[in-house]
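See below for the structure under consideration.
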Amino acid sequence: QVHLLESGGGLVQAGGSLRLSCAASGSISSIYSMGWYRQAPGKQRELVAAITSGGSTNYADSVKGRFTISSDNAKNTVYLQMNSLKPEDTAVYSCKADVRTSYSVRYNAWGQGTQVSVSS
């Protein structure tokens, strides 16, 4: 009922930048927060960054100072600006939204994931 469409992943050299976008669509009443998670092969999925509808943000220690999360509430869209990328950032990045639908059901919607690969 709520769909997340991600874009912006790809291949980049170490030190480069990428900007990920995630747009939520569907029968949305409210979005409480949106965030980005990542999972590398053989590793646990981790929160990269999250932002609430009020603008509060949270970052993983490993990306602080390099990544910036932002949102456009009017467009139900969240962005992740990734600078100074490192090979360790290579992972599948997935968007998540804490949403309430027009039927007053609250749940976490997930995107399909997008590959970010950083070469050394």
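The disulfide (SG to SG under 2.5 Å) analysis of residues 23-67, with sequence neighbours excluded, yields no pairs. Residue pairs meeting the side chain to side chain donor-acceptor pair (under 3.5 Å) criterion with at least one partner in residues 3-22, sequence neighbours excluded, are Glu6-Gln112, Ser17-Asn83. Within the structure, disulfide (SG to SG under 2.5 Å) contacts touching residues 13-68 (residues at least two apart or in different chains) are Cys22-Cys95. Sorted by first and then second residue, the pairs that involve residues 7-58 and meet ring pair (Phe, Tyr, Trp, His ring centres under 6.0 Å), not counting sequence neighbours, are Tyr37-Trp110. Applying the disulfide (SG to SG under 2.5 Å) rule to pairs touching residues 24-74 yields nothing, sequence neighbours excluded.
The two residues Ser120 and Ala14 have their closest heavy-atom pair at CA-CB, 4.4 Å.
Scored by the salt bridge (charged side-chain N to carboxylate O under 4.0 Å, His left out) test, Glu88 finds no partners at all (sequence neighbours excluded). Not counting sequence neighbours, the partners of Ala109 by the side-chain contact (heavy atoms from CB on, under 4.5 Å) test are Val2, Leu4, Tyr107. Checked against salt bridge (charged side-chain N to carboxylate O under 4.0 Å, His left out), Arg106 has the following partners two or more places apart in sequence or in another chain: Asp98. Under the side-chain contact (heavy atoms from CB on, under 4.5 Å) criterion, Ala91 pairs with Arg38, Ala40, Tyr93, sequence neighbours left out. Residues passing the salt bridge (charged side-chain N to carboxylate O under 4.0 Å, His left out) test with Lys86, sequence neighbours excluded: none. Residues that satisfy the ring pair (Phe, Tyr, Trp, His ring centres under 6.0 Å) test with Tyr79, not counting sequence neighbours, are absent from this structure. Partners of Arg66 under the salt bridge (charged side-chain N to carboxylate O under 4.0 Å, His left out) rule, at least two apart in sequence or in another chain, are Asp89.
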Please determine whether side-chain contact (heavy atoms from CB on, under 4.5 Å) holds for the pair Leu85 and Leu18, giving the CA-CA distance in whole Å, both sets of side-chain angles, and the decisive distance to 0.1 Å. CA-CA 8 Å; Leu85 282 162; Leu18 286 172; 4.1 Å; yes
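Residues Val92 and Val63 fall into different hydrophobic clusters, defined by Ile, Leu, Val, Met, Phe, Trp and Tyr side chains chained together at heavy-atom separations under 4.5 Å.
Atom CD1 of residue Ile69 and atom OG of residue Ser56 lie 11.5 Å apart, to the nearest 0.5 angstrom.
For the pair Ser71 (side chain) and Asn73 (backbone), a donor-acceptor distance under 3.5 Å is absent.
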